[in-house]
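Here is how names work: the chains are called A, B, and so on, in the same order as the sequence lines, proteins then strands, and each is numbered from 1. What you are looking at is a predicted structure, and each value in this text was computed from that prediction instead of being measured.
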Protein chains: 2
Amino acid sequence: MTTAHELTKNQTLVFNTLSRADGPLSAYTILDQLRGDGFRAPLQVYRALEKLLDYGMVHRLESINAFVACAHPHNHSHSHGMTAFAICEKCGQVSEFSDDVITQRVRQWTTDNGFKQTKTTIEIRGVCAACGTA
Amino acid sequence: MTTAHELTKNQTLVFNTLSRADGPLSAYTILDQLRGDGFRAPLQVYRALEKLLDYGMVHRLESINAFVACAHPHNHSHSHGMTAFAICEKCGQVSEFSDDVITQRVRQWTTDNGFKQTKTTIEIRGVCAACGTA
DNA sequence: TCTCGATATGTGATGTTATTACATTAGTCA
DNA sequence: TGACTAATGTAATAACATCACATATCGAGA
């Protein structure tokens, strides 16, 4: 299951950019950071992101149109659980967590309602502890 | 508590458009539907939506950049739990529900982590019962 | 080796979503 | 009236994402 994916050149560049960043980046920010490496067009970024999302190495934050490297790189122990994100609106930091009870309750609802789930987004917006006390 | 908000002309037009729709609409779709009523620019829609979101009469679906009239018109009191949405990718129908356990678990995490939550998004993408059996 | 097919890449144009900036209008109230 | 506030009108632009088409790269057979 946990295959180590061979990344292509562009995928590697995009993934490294996200890994080095200390918060989520938009596709266009990634593009700008990779101009020096020959990137010229948005599609180069979006295509790489698509694969990285497939591989589970990157997450998309729907509520801010941004992307972030997965916080649990080689640990897929939570891979059948849904991942939730807490996004600080002050500093931009994202905390990733997974809660079995939430996963369970969502599954409960989908089962009860015959809904075939493909992807679930859970994003909490607010102010993180560090920014809240500052 | 549940104040009936006086809606302005544009807010009323936008809200009625969303209410009549049998699924979520994008801001630009709303705009097109209201051209006959004098709407000319996106901002007219976005400004109305902003207020309607404030009033809790409309929800924004982050994962599809669209808006939908609240399914529970009367008691929109914020003290109730977080609202989750199941969005069918076949027919576009949205089911709105609220789960106390999920609300509880999210609050638990935010409390434990000193995160001051302002807004939470829970969106399930997939195929609804009707489309799944069809 | 050559050719085929699959995958990856390059590039410009276009489509879609959202905001900024500034002008105008309408209602409230001292 | 005048001054203040909320709502509206409009153009331009910013931000996010995809389409269409050309080219390149690489591995599996003939």
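- Sparse packing is recorded around NZ of A:Lys116, with 12 or fewer heavy atoms of other residues, nucleotides or ligands lying under 6.0 Å away.
- For B:Phe97, the ring-ring contact (aromatic ring centres under 6.0 Å, His included) partners two or more places apart in sequence, or in a different chain, are A:Trp109.
- Among residue pairs with one or both ends in residues 33-51 of chain B, those qualifying as side-chain hydrogen bond (donor to acceptor under 3.5 Å, both in side chains) are B:Asp32-B:Arg35; sequence neighbours excluded.
- Under a 4.5 Å side-chain heavy-atom cut-off, the cluster of Ile, Leu, Val, Met, Phe, Trp and Tyr residues that includes B:Val127 has no other member.
- When the side chain to side chain donor-acceptor pair (under 3.5 Å) test is applied to A:Asp54, no partner is found at least two apart in sequence or on another chain.
- Taking SG from B:Cys70 and CE from B:Met57, the interatomic distance works out to 9.0 Å, rounded to the nearest 0.5 Å.
- For the salt bridge (Lys or Arg N to Asp or Glu O under 4.0 Å) condition, the pairs that include at least one residue of residues 89-105 of chain B, sequence neighbours left out, are A:Asp99-B:Arg105, A:Arg105-B:Asp99, B:Glu89-B:Arg125.
- Here the range on DNA chain C touched by chain A, meaning any atom under 4.0 Å from one of its heavy atoms, is C:dA8 to C:dT11.
- Chain B approaches DNA chain D within less than 4.0 angstrom (heavy atoms of the protein), and the contacting nucleotides run 5' to 3' from D:dA7 to D:dT10.
- DNA chain C is contacted by no residue of residues 16-27 of chain A, taking any non-hydrogen atom closer than 4.0 Å.
- Nearest heavy atoms, B:Lys119 versus B:Thr121: NZ-OG1, 3.9 Å.
- With sequence neighbours excluded, the residues that form a side chain to side chain contact (heavy atoms under 4.5 Å, CB included) with A:Val94 are A:Pro24, A:Leu61, A:Phe85, A:Ile87.
- For the segment residues 36-51 of chain B, residues with any heavy atom less than 4.0 angstrom from an atom of DNA chain C are, sorted by number, B:Leu43, B:Tyr46.
- A distance of 6.5 Å separates CD1 in B:Ile122 from CE in B:Met82, rounded to the nearest 0.5 Å.
- Partners of A:Glu123 by salt bridge (charged side-chain N to carboxylate O under 4.0 Å, His left out), not counting sequence neighbours: none found.
- Each of B:Ile64 and A:Asn10 has a nearest nucleotide on DNA chain C; the 5'-most of these lies closest to A:Asn10.
- Residues passing the ring-ring contact (aromatic ring centres under 6.0 Å, His included) test with A:Phe115: none are found, sequence neighbours excluded.
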